[in-house]
Every structure is written in structure tokens, then in C-alpha cells.
A.B. asks: 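Starting off with a structure, shown below.
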Number of protein chains: 2
Amino acid sequence: MSQRDIGYHRHMARWQPDARGRLEAAAFELFRERGFEQTTVADIAARAGLDKRTFYRLFGDKREALFSGSERVEEALVKVVAETDAAPFEAVVAAFRQMAAEIFADRRELVRMRQSIIESSPELQERELRKTGALLAAVTAALRAKGFDETTAILATESGGTVFRVAYARWVSPDSDASLADLIAEVATELSAITSSSPGRR
Amino acid sequence: MSQRDIGYHRHMARWQPDARGRLEAAAFELFRERGFEQTTVADIAARAGLDKRTFYRLFGDKREALFSGSERVEEALVKVVAETDAAPFEAVVAAFRQMAAEIFADRRELVRMRQSIIESSPELQERELRKTGALLAAVTAALRAKGFDETTAILATESGGTVFRVAYARWVSPDSDASLADLIAEVATELSAITSSSPGRR
DNA sequence: CCGAGCGATGTCACGTGGCGACATCACGAG
DNA sequence: CTCGTGATGTCGCCACGTGACATCGCTCGG
């Protein structure tokens, strides 16, 4: 048939290439069409020409099909933090700006669709929190590896994460056209202003 | 019989009082004995002398049995934020300190047990993240109601939340005996130091 | 004193998530 | 050609979570 130089399939579709990618794509489509909860794992597998069981061999979870980019994000973040020799908070902010430019910048519309899926399901929101938590833990570890003490590393990481989340929310919102990196820089200075006031107890 | 002025039960146990509390207690015990995933909802209900279906009428979820205190925490937090007239970040920190004194102070051992359960299960960790997220959203709303703009409210809230999480982690750790309120104050000043540095780009 | 109404519970059945065990297929090496 | 290997399909299972319906025991009006 008109199959390229890729896998083989006779009766149905056995050993087509990139099963993972096809499942991710199928999941993404179905989540948008019917919503996350209305989509069955069997549905996803069927659209990808595979079986439910195969899905679970490639993803730990139904939710995981939506969160496959996180390894790359983590790598990018850790790389910058490890290579930058600035104060911890500044290093984390720089890492987020760099990562935003590398990975998010030219996928704005895709990211918006993905985010709208996530916001439609509490289960997916939970999973996103867990994923970003893991990301931040990796950043904290990278900071610790540079000699900073635990508390400093955590506080810098969490603050940087807060900055990113706020900037990201703005960037994703439909009425924004600034670049994510710029938004991050803006929010970072706003944060500094807020947390550095005098002991103003009345 | 020797039943007090409380409910009735004939064949088994129909209409005993405080079904919710009994289910929470049963869940807590079983999670400690067998672990969260090894415990079945039917097990919990059985230990409480109830049926699986009743559990689901009182809790949305198997996980929810562990997270029932959050309404009280939210109330306490919002109350202080609404009544305090300090800068936003300081107000949030004050709210956490007050809440810690009111609710956590005299339950340290209980909190430690609960936390060890949560840390043993990714599912429970996800749920905890979601719960604290909801808490923080309420605090943000309270700040907004006082006239602060959205970004300021979010940044102050998230920063306060970060401070609390770090202080809480220290307080729960077995080798600490300082009060939670004091730890929060300490961490808050550490955070101010970290996020307020000069634009130190090399 | 009794029957109607009611609220909390139990019972049953079902779809789905997720997983272990085993069968099956296509390939590549010998 | 045969055999092994890795990716897949098939089957069966248990637990989660929910809708529909039955039941219990109280409370209140008659």
C-alpha cells in the first residue's frame, strides 16, 4: 500500500511507528471534542489504532497523555540554573525566561488549547500541580548543587515558580500579546516590591 | 441499652451519630495500618459500621476523608486578612501565623501522622496541592476585596503560601521544636532577603 | 394510636480505570 | 527454517464512583 518506510500492519495496524505520539495526539483531539471525563481510554487507543492495554504500557495514567513535554522543560530549566552564576532568585527567573523562549514562544495557540483542556477538569489540574511541583524540585536540586543552602534554594525556586505562574496566566489569557519572557521579567520586579517592605506592624 | 441519648440501631447500626466523624477516624486508622492504596472504601465504611455508598454520600472521594479541616483553616485565614490593615504580604503572613496558633499549635503529633500518610501516596499529595491552592485562592479574593489589584493580591498570597509551606515542613520534621508561628516569621524575613537583591546581571 | 411523609441508610447494577497473565504476531539472527 | 525477542492484543479481575430503588425508623397531624 502507500505506507512509507514505516512499520508493518496486516489485519489492522500492528507495529505502526510512534505509538506514543499517536496516542498523545488522539487524546488531545478527543479531550477537545468530548472533554476529558467523557473520553475513555479505550476511545483514545481506538483512534490511534491501538488497544487500551497498550496505552497503559506507554502512559502510567489517562492524564499523562497530556503531560509529556515536562521532561524537556525540566532539562532546559536545570541547564540554565546550573550554568548561570547569579544570585539564586535571579538565576531561577533567568532559567524560566530562557525556557519560555526556547519551548513556549512559538506554540502559543497550542498551549492555549492545552490549558483550556486542563482548566476544564479538576483531575487534570491536580496533575498539573504535581508536575510543576516536580519541576521545581529539580530546580531546587540544581541550586543546592551549586552550594546554596536548602532554605535559600527552596525559597528562590518557589518564588521563581510563582513569578512564572502569574506571567504564564497572563500570557495564556486571550487578551495579551506580550512575549512570555518579557512578562516574566515584569512580574519578577513586581514581586520584589511586594516582599521587601519594612516591618510595618501597626 | 447503654446507648446515651444518641441515635438508634437495631439489627446492625442504623443512624448512629456523627457518621462523618466516624468515617474520618476509620479512614485515618486504616491509612496508617495498611497504607492509602491498600485500603478500600468498603473497608473504611465497614470499620465505621456503614456502607460504601454512605461514604460517598458524605465524601466526594476516598481522599477527602483526610482533608476535612480545610474549611476551618480557610475561614481563619480569610478572617485575619480581612481585618488586618497592613501591606498585603505582611497581612498574609500575619494570617498564617494567627491560623497556625489557633489550629495547628496543639496538634503537632496528629499533624505529623497525617503528613506521613500524605507523603506515602502521590494521589494524596496531588489532593493536598489542590486543597492549598483553593485556600490561597480564598486569601487572594480577600485581598482583592480590600482593594488591592489582582497581581499584587496573587503575588502576596503565593509568597505567603511559600513561606508557610517551608515553615510547615520544618515544623513537621522530627528534629524541630520551635513554634510554627515563630518559624513562619523567620522564613518570611529570609524570603524578603532573597527576592530583593539588585539587578545583579553579570 | 396510626398512617403519611421524610431523611438517612442499605442494596443492586453498571461503566470505567488500571493491572497481571498469557497468547500472538512480525521481525532479525543464527 | 527456526528460534528468540519485543511490541502488541486478549482476557479477566478488582476497586472507584454513581444512579436508581428499596428500606428503616423517626416525627408529626389526624
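Numbered from 1 within each chain, the chains take letters A, B, ... in sequence-line order.
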A.B. asks: Taking it one step at a time, do B/Asp51 and B/Thr54 satisfy side chain to side chain donor-acceptor pair (under 3.5 Å)?
C.D. replies: CA-CA 5 Å; B/Asp51 188 84; B/Thr54 298; 5.4 Å; no
A.B. asks: Rounded off to whole Å, could you give me the CG-to-P distance for the B/Leu58 and D/dT18 pair?
C.D. replies: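 So the CG-P distance, B/Leu58 to D/dT18, works out to 13 Å.
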A.B. asks: Would you please confirm or rule out a distance under 4.0 Å between OP1 or OP2 of D/dT8 and any side-chain N or O of A/Thr54?
C.D. replies: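 Checking A/Thr54 against D/dT8: no side-chain N or O falls below 4.0 Å of OP1 or OP2.
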A.B. asks: Which atom pairs, one a donor and one an acceptor, fall under 3.5 Å between side chains of residues 69-79 of chain B and the rest of the protein, sequence neighbours left out?
C.D. replies:
none

A.B. asks: Could you check whether any side-chain N or O of B/Arg114 sits under 3.5 Å from a backbone N or O of B/Leu66, counting only pairs where one atom can act as donor and the other as acceptor?
C.D. replies: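 It does hold such a pair.
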A.B. asks: Taking atom P of C/dT11 as reference, at what distance in whole Å does atom CG of B/Leu50 sit?
C.D. replies: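 Whole-Å distance recorded here is 11 Å.
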A.B. asks: Could you tell me the separation between the CG atom of B/Asp43 and the P atom of D/dG17, rounded to a whole number of Å?
C.D. replies: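 Spelled out: CG on B/Asp43 to P on D/dG17 is 14 Å.
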A.B. asks: Among residues at least two apart in sequence or on other chains, which ones pass ring pair (Phe, Tyr, Trp, His ring centres under 6.0 Å) with A/Phe148?
C.D. replies: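 Per chain and number, A/Phe148 pairs via ring pair (Phe, Tyr, Trp, His ring centres under 6.0 Å) with no residue.
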A.B. asks: Under a 3.5 Å distance rule, please check whether B/Ser121 uses its side chain to pair with a backbone N or O of B/Ile118 as donor and acceptor.
C.D. replies: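 Checking the backbone N and O of B/Ile118 against the side chain of B/Ser121, no donor-acceptor pair under 3.5 Å is found.
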A.B. asks: Quick one: A/Asp51 CG to C/dA23 P, roughly how many Å, whole number?
C.D. replies: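 Checked: the CG to P distance equals 17 Å.
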A.B. asks: What integer distance in Å separates B/Phe36:CZ from D/dA15:C1'?
C.D. replies: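 Those two atoms, CZ and C1', are 11 Å apart.
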A.B. asks: Starting at atom CZ of A/Arg53, determine the distance to atom P of C/dA23, rounded to an integer number of angstrom.
C.D. replies: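 Computing the A/Arg53:CZ to C/dA23:P distance gives 16 Å.
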A.B. asks: Could you check how far CD1 of B/Ile44 sits from P of D/dG17, rounded to whole Å?
C.D. replies: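 That distance rounds to 10 Å.
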A.B. asks: Do the charged groups of A/Glu64 and A/Arg127 touch, with an N to O distance under 4.0 Å?
C.D. replies: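 Salt bridge flag = yes for A/Arg127 with A/Glu64.
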A.B. asks: Would you tabulate the pairs of protein nitrogen or oxygen atoms and nucleotide nitrogen or oxygen atoms of nucleotides 14-18 of chain C closer than 3.5 angstrom?
C.D. replies:
{"from": "C/dG17", "atom 1": "OP1", "to": "A/Val41", "atom 2": "N", "distance (Å)": "3.4"}
{"from": "C/dG17", "atom 1": "OP1", "to": "A/Lys62", "atom 2": "NZ", "distance (Å)": "3.4"}
{"from": "C/dG17", "atom 1": "OP2", "to": "A/Thr40", "atom 2": "OG1", "distance (Å)": "3.3"}
{"from": "C/dG17", "atom 1": "OP2", "to": "A/Val41", "atom 2": "N", "distance (Å)": "3.4"}
{"from": "C/dG18", "atom 1": "OP1", "to": "A/Asp61", "atom 2": "OD1", "distance (Å)": "3.4"}
{"from": "C/dG18", "atom 1": "OP2", "to": "A/Tyr56", "atom 2": "OH", "distance (Å)": "3.4"}
{"from": "C/dG18", "atom 1": "OP2", "to": "A/Lys62", "atom 2": "N", "distance (Å)": "3.0"}
{"from": "C/dG18", "atom 1": "N7", "to": "A/Lys52", "atom 2": "NZ", "distance (Å)": "3.3"}
{"from": "C/dG18", "atom 1": "O6", "to": "A/Lys52", "atom 2": "NZ", "distance (Å)": "3.2"}

A.B. asks: Donor-acceptor pair under 3.5 Å: do we get one between B/Arg57's side chain and the base of C/dG10?
C.D. replies: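 For B/Arg57, whose side chain was compared with the base of C/dG10, there is a donor-acceptor pair (under 3.5 Å).
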A.B. asks: What is the distance, rounded to the nearest whole Å, between atom CD of A/Gln38 and atom P of D/dT18?
C.D. replies: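 My rounded result for the distance is 13 Å.
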